[in-house]
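Heads up: the structure comes next, in structure tokens.
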Amino acid sequence: MQSNRSQSTSRRSGPLAGLKVIDLTHVMAGPTCTLMLADMGADVIKIEKWPNGDDTRHSVPPKIGDEAASFLMMNRNKRGIVLDLKTDGGKQVLRRLIADADVLVENFAPGAMERLGFGYEALHAEFPALIYCSLSGFGRTGPYKHRRGFDLVAQAMSGIMSFTGERPDGPPVKCGPPLSDITAGLLASMGILAAYTHRLKTGEGQWVETSLYEAALVQTYWQSTIALAAGTAPRAMGSAHPLNAPYQAFEASDGWLVVGGANKKHWLLMLEALGASELAADPRFVTGADRMANLKELEAVLSERFRTRSRAHWLAALDEKGVPCGPVHDMLEALSDPQTLAREMVIEVEHSKLGPVKTIGLPIKFSETPGKVLSGAPVYGEHTSEVLAEHGFDQSRIEALEKEGAIVLASGRREERVA
């Protein structure tokens with residue numbers, strides 16, 4: 001099998017080139033994890049279910065051509081195959097893929113992998129070097145281990161929705177991005193790499209797992225600090241910081257900006273930029289603790305000053321003084337910002353059907369082993385024949401598996417991929 005692995009990963013670049021990952025995940029948290037690994041060079045084989053594939057294929061609009069934009073974003077740089085794991089043939093294919101893999105990642109409902117015969121204990125006994133990663137709503141232990149989870153539920157139960165919003169007496173508000181999904185994916189990829197380091201030393205695989213709930217909780221470090229130390233549950237403060245001030249958004253005459261004048265140095269420099277140095281001696285605002293105790297008064301005084309000039313004026317004045325600041329962008333502005341483009345955080349990748357498609361770039365830069373986005377997200381079943389051929393299935397066996405309903409081949413691509 002080793003020669004097949006070398007053939008399939010020879011085009012990969014990045015620090016994880018040569019690592020083979022079986023991706024049994026769907027929607028957001030799991031695909032975030034495997035996306036990070038793929039962008040760093042791993043050969044990620046995404047296994048989609050029959051008949052409908054990953055749920056994000058149906059998260060529309062928007063579409064690009066006939067493909068869901070959400071699926072394209074989360075699954076670029078991966079090879080895609082379709083298996084029906086309820087069939088004997090589908091299970092046979094998965095087992096052969098696992099035999100040649102370094103990592104398996106799954107986010108099935110609790111107990112589903114065990115029922116299919118691919119639970120951790122069974123696979124660890126047969127493949128002791130395999131790193132097996134599970135993502136779930138609440139984790140594999142504890143009173144909620146059997147509960148399903150979504151980002152909305154994790155944000156609510158972690159406390160995040162209780163301190164997000166404009167005012168302390170307002171309704172609970174969810175953060176715009178799916179924080180727990182994305183964070184869980186990042187934590188899972190970090191856990192896999194730690195387990196891989198351990199395996200390089202010992203040859204031993206292990207079970208890595210995290211959950212949306214834990215991922216949401218780790219986003220609450222500052223609010224948890226207050227709750228654990230003071231016995232007080234923090235409430236919504238708009239864009240303000242629970243421990244430092246001023247550290248929030250202000251409205252200029254023509255738009256919004258944010259300013260980080262939280263420590264003494266930046267506070268005094270901010271006052272110079274605003275032409276309000278007299279506030280340095282105001283007893284309400286001398287120390288950070290004073291400013292937090294009188295936050296409403298501070299907001300009112302600064303807001304009045306910021307509204308007198310344009311956003312561009314204040315950003316230039318603050319930047320000249322070295323005060324951390326920035327405009328409040330919408331997504332189109334953020335994605336076209338010169339710094340975004342300079343850091344290659346918006347790139348084009350070639351899709352097999354759609355041609356060039358814009359996507360988010362790799363947020364980690366390596367001086368010696370740079371990662372790269374090489375390919376667009378797979379169409380449904382695009383690489384089924386290719387991957388099976390690499391793992392020893394000949395043409396007649398592939399045709400038999402298709403007839404059984406164990407696999408799906410992308411229309412018109414079977415002969416091209418097997419050849």
Side-chain angles (χ1 to χ4, degrees), residues 27-29 32 59 137-138 144 147-187 211-262 266-267 270 284-285 288-307 311 314 324-335:
V27 186
M28 191 68 173
T32 297
S59 296
F138 293 94
Y144 303 155
R147 292 178 60 174
R148 303 285 186 99
F150 287 102
D151 173 70
L152 176 66
V153 177
Q155 287 201 35
M157 294 182 64
S158 67
I160 288 175
M161 290 179 65
S162 73
F163 56 76
T164 302
E166 278 299 307
R167 61 185 193 277
D169 59 344
V173 176
K174 183 182 79 67
C175 293
L179 287 183
S180 70
D181 280 325
I182 295 171
T183 304
L186 298 176
L187 293 174
S211 69
L212 304 189
Y213 185 55
E214 289 158 295
L217 283 171
V218 300
Q219 291 284 351
T220 73
Y221 283 134
W222 287 141
Q223 287 77 16
S224 291
T225 295
I226 295 168
L228 293 171
T232 301
R235 295 300 178 188
M237 301 175 62
S239 64
H241 195 284
L243 299 174
N244 301 295
Y247 189 94
Q248 64 189 87
F250 291 98
E251 189 175 15
S253 63
D254 60 349
W256 288 83
L257 69 153
V258 294
V259 185
H266 290 140
W267 163 242
M270 174 183 169
R284 298 173 297 173
F285 309 138
D290 293 332
R291 294 192 291 277
M292 286 303 299
N294 298 285
L295 183 58
K296 290 302 179 185
E297 292 92 333
L298 179 65
E299 289 176 339
V301 170
L302 294 179
S303 292
E304 183 178 0
R305 186 62 62 104
F306 274 110
R307 283 193 289 266
R311 182 169 71 174
W314 292 126
C325 62
V328 176
H329 279 157
D330 64 27
M331 276 314 308
L332 291 175
E333 291 170 329
L335 294 172

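The first residue in the sequence is number 1, and the count goes up from there.
Among all heavy-atom pairs drawn from Gln223 and Pro242, the shortest one is NE2-CG, 3.6 Å. Counting all heavy atoms, side chain and backbone alike, Leu295 lies closest to Ala245 at CD1-CB, 3.7 Å. When all heavy atoms are compared, the tightest approach of Leu332 to Asp330 is N-OD1, 3.1 Å. The nearest pair of heavy atoms linking Leu212 to Ser180 is O-CB, 3.4 Å. Residues Arg148 and Phe138 come closest through the heavy atom pair O-CE1, 3.4 Å. Shortest non-hydrogen contact noted between Pro178 and Gln155 is CA-NE2, 4.4 Å.
Phe306 has its side chain within reach of Val259: a pair of non-hydrogen atoms, C-beta onward, lies under 4.5 Å apart. At a threshold of 4.5 Å between non-hydrogen side-chain atoms, the residues Gln248 and Leu302 do not count as touching. At a threshold of 4.5 Å between non-hydrogen side-chain atoms, the residues Tyr213 and Leu217 count as touching. A heavy-atom distance below 4.5 Å is found between the side chains of Met28 and Ile182. Contact annotation: the side chain of Gln219 approaches that of Thr183 to within less than 4.5 Å [non-hydrogen atoms, C-beta and beyond]. The shortest side-chain heavy-atom distance between Ser162 and Arg235 falls under the 4.5 Å cut-off. With contacts defined as side-chain heavy-atom distances shorter than 4.5 Å, the pair Pro246/Met270 qualifies. Contact check for Leu152 versus Met161: side-chain heavy atoms found under the 4.5 Å cut-off.
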Could you please spell out the steps behind the side chain to side chain contact (heavy atoms under 4.5 Å, CB included) verdict for Ile160 and Cys175? CA-CA 8 Å; Ile160 288 175; Cys175 293; 3.7 Å; yes

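Side chain of Asn244 to main chain of Gly288: no donor-acceptor pair is present (N/O by atom type, distance under 3.5 Å, no hydrogens or angles).
Taken from CD in Glu297 to CZ in Phe285, the straight-line distance is 6.5 Å, to the nearest 0.5 Å. The distance from atom OG of Ser158 to atom CZ of Phe163, rounded to the nearest 0.5 Å, is 6.5 Å. We find the CZ-NE2 distance between Arg291 and His241 to be 13.0 Å, quoted to the nearest 0.5 Å. Separation of atoms CG (Leu179) and OG1 (Thr220) is listed at 11.5 Å; rounding is to 0.5 Å. Separation of atoms NZ (Lys296) and OG (Ser303) is listed at 9.5 Å; rounding is to 0.5 Å.
Heavy atoms from other residues, nucleotides or ligands lying under 6.0 Å from CD of Glu166 number 12 at most. Annotation for Glu304: atom CD does not count as buried by contact number, only 12 or fewer foreign heavy atoms lying within 6.0 Å. Residue Tyr247 places its OH atom among 12 or fewer non-hydrogen atoms of other residues, nucleotides or ligands, all under 6.0 Å distant.
In summary, the side chains of Ser211 and Glu214 do present a donor paired with an acceptor at a separation below 3.5 Å, with no hydrogens or angles considered.
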